Amino acid sequence: MSHALDIDQLRTFLAIAELGSFTKAGEAVHKTQSAVSMQMRRLEERVGQPIFIKDGRQSRLTEDGLRLVEFARRMILLNDETLSAFNGRKEVGHVKLGVPDDYADRLLPQVLAAFNRLNPSIEVQVECSSSAKLTEAIRDGQLDVAITTSGDTLNLRGEIIRREPLYWVTSAQHCAHTQDVIRLALGPATCNWRRLSMDALDRAGLRYRVSYTSASAAGLVGAVQVGLAVTVFPESAIRDGMRILDERDGFPSLPFCDIALLRSDEAREAMHDTLCNHLVAAIGNVGAGSVQLAAE
């Protein structure tokens, strides 16, 4: 029996540890679930200890599996550094990723940290901006990959990777939502969520005033947290200290929000594939049947 550890198996193993499932790991490393399972059986044979244990229908890491995580990180890092020293053309890469700031501080930090541990030789440069501006940057080749929200993506087509509800949000400590004229904190006129929220209030016959406009999610968060206004956020962008408003509070329901992955025509190298696969695995929740977004 060989006692040498296989880097590809270790990378798959680490993807499972980082992403929490064989299925998501398979998406990230571009392998079928059966191939992932076979790799893990072979890795257990090489390590000589069980690294997974059944927990109902799921598998979790054993104590030896948890110990292996740090060794796997170190070996992958050393492997990539070694290859980079001798063949930088193939093993070192820089990818420019655009992210709306609605998601930048909530959805992405852990995702990108996990990507870095799995792919230490790929440096990701992140730019935060509005979906409309990110889409322009993709079209002009200034960005390689971007995460955008539907309705703000001009005429480009992208892969829908996540769908989540939009909510009316207020401060848990204030009562801005109880005013006769609802004060709103919304994005600029080009923001799709602004149009959706105002249309919903118009249909419900509710009086409102846009009191605070900001292209920055941080600005909207600030206005809400101090009790100045109500805003609209997708589920994953809601912060601590915020309260969701619904029909019981007199607010109409809102549609779901689609999050799409855009990729420039020039971003076709393996490192771009690797980042896109990881993003889909880490934040995606849309099945294979829902793939193409026709931007409004």
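Counting from 1, the numbers follow the sequence of the chain as shown. Heavy-atom basis, side chains included; hydrogens, waters and symmetry copies ignored. This one's a predicted model, so the numbers in the text were calculated from it and none came from an experiment.
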Is S253 close to D246 at the side-chain level, that is, under 4.5 Å between some pair of heavy atoms?
no

Under the criterion side chain to side chain contact (heavy atoms under 4.5 Å, CB included), I'd like the reasoning laid out for C191 against L186: C-alpha separation, chi angles, the key distance, then a yes or no.
CA-CA 8 Å; C191 175; L186 299 172; over 6 Å; no

Going by side-chain heavy atoms closer than 4.5 Å, which hydrophobic residues are tied to L228, directly or by a chain of links?
V226

Given the rule that I, L, V, M, F, W and Y join up when any side-chain heavy atoms are under 4.5 Å apart, are I76 and L66 in one cluster?
yes

So CD1 of I53 and CZ of R60: to nearest 0.5 Å the spacing works out to 5.0 Å

Flag the pair W168 / V232 as yes when at least one side-chain heavy-atom distance between them is below 4.5 Å, and no otherwise.
yes

Test side chain to side chain contact (heavy atoms under 4.5 Å, CB included) on L112 and V126 and set out the steps.
CA-CA 10 Å; L112 293 180; V126 179; 3.6 Å; yes

Hey, is the main chain of I161 close enough, under 3.5 Å, to the side chain of R163 for a donor-acceptor pair?
no

Does the pair E27/K24 count as a salt bridge with the N-to-O cut at 4.0 Å?
no

Could you tell me whether the side chain of V221 reaches within less than 4.5 Å of the side chain of F233, counting heavy atoms only?
yes

Among the clusters formed by ILVMFWY side chains lying less than 4.5 Å apart, do V29 and L77 turn up in the same one?
no

Does some side-chain heavy atom of L275 sit less than 4.5 Å from a side-chain heavy atom of L279?
yes

How about T32 and S34: does a side-chain donor come under 3.5 Å of a side-chain acceptor?
yes

One should read off an interatomic distance between H278 NE2 and D273 CG, to the nearest 0.5 angstrom, of 14.5 Å

Determine the minimum heavy-atom distance between G65 and F13, stating which atoms define it.
O-CZ, 3.3 Å

Rounded distance [0.5 Å steps], CG in L134 versus CD in Q142
10.5 Å

Would you call F251 and V230 a side-chain contact if the rule is heavy atoms closer than 4.5 Å?
yes

Hey, quick one: are L5 and I51 part of the same hydrophobic cluster, counting side-chain heavy atoms closer than 4.5 Å, chains of contacts allowed?
yes

D101 to C128 - nearest heavy-atom pair and separation:
CB-CB, 4.3 Å

Holding to side-chain hydrogen bond (donor to acceptor under 3.5 Å, both in side chains), I want the full list of residues that pass it with R74, two or more places apart in sequence or in another chain.
none

Is R42 atom CZ crowded by more than 12 heavy atoms from other residues, nucleotides or ligands, each under 6.0 Å away?
no

Closest heavy-atom pair, T213 versus P188, reported as atoms and distance to 0.1 Å, is CG2-CA, 3.8 Å

If you look at every heavy atom in G26 and V36, which pair is closest and at what distance?
CA-CG2, 3.7 Å

Going through the checks in order, is the side chain to side chain contact (heavy atoms under 4.5 Å, CB included) test met by L10 and N79?
CA-CA 11 Å; L10 289 175; N79 173 81; over 6 Å; no

Verify same cluster id: M40, F71 (apolar side-chain graph, 4.5 Å):
yes

Does any N or O in the side chain of T62 come within less than 3.5 Å of the main-chain N or O of P50, such that one atom is a donor and the other an acceptor?
yes

Would you find more than 12 non-hydrogen atoms of other residues, nucleotides or ligands less than 6.0 Å from R207 atom CZ?
no

Salt bridge or not between D144 and K96? Use side-chain N to carboxylate O under 4.0 Å.
no

Is the backbone N or O of V224 less than 3.5 Å from a side-chain atom of H174, with the two atoms forming a donor-acceptor pair by type?
no

Heavy-atom closest pair (R195 atom, A189 atom, distance to 0.1 Å) is NH1-O, 3.8 Å

Mind jotting down which residue pairs meet the side-chain hydrogen bond (donor to acceptor under 3.5 Å, both in side chains) criterion with at least one end in residues 109-118? Sequence neighbours excluded, please.
E18-R117

With rounding to the nearest 0.5 Å, note down the distance linking OG1 in T12 to CE in M38.
12.5 Å

Within the 4.5 Å heavy-atom criterion, are R67 and Q49 side-chain neighbours or not?
no

Which atoms form the tightest heavy-atom contact between L254 and A200, and what is the distance?
CD2-CB, 3.9 Å

Do L19 and L14 share a hydrophobic cluster, counting only Ile, Leu, Val, Met, Phe, Trp and Tyr and linking them when any side-chain heavy atoms are less than 4.5 Å apart?
no

Side chain T231, main chain V169, donor-acceptor under 3.5 Å
no

Please check if the side chain of S171 supplies one atom and the backbone of G227 the other of a donor-acceptor pair under 3.5 Å.
no

Once you round to the nearest 0.5 Å, how far does CG of L262 lie from CG of L143?
10.0 Å

Drop me the distance from F256's CZ to E235's CD, to the nearest 0.5 angstrom.
8.5 Å

Set out, in order, the CA-CA distance, both residues' side-chain angles and the distance that settles side chain to side chain contact (heavy atoms under 4.5 Å, CB included) for I283 and I147, then state yes or no.
CA-CA 11 Å; I283 69 175; I147 294 171; 3.8 Å; yes

Sub-3.5 Å donor-acceptor pair from the side chain of E164 to the main-chain atoms of S236, do we have one?
yes

Is a donor from one side chain sitting under 3.5 angstrom from an acceptor on the other, for D8 and Q39?
yes

Quick check: do R11 and N119 have side-chain heavy atoms less than 4.5 Å from each other?
yes

Check whether more than 12 heavy atoms from other residues, nucleotides or ligands sit under 6.0 Å from atom CD of Q179, and answer yes or no.
yes

Side-chain heavy atoms of L261 within contact of V280, under 4.5 Å:
yes

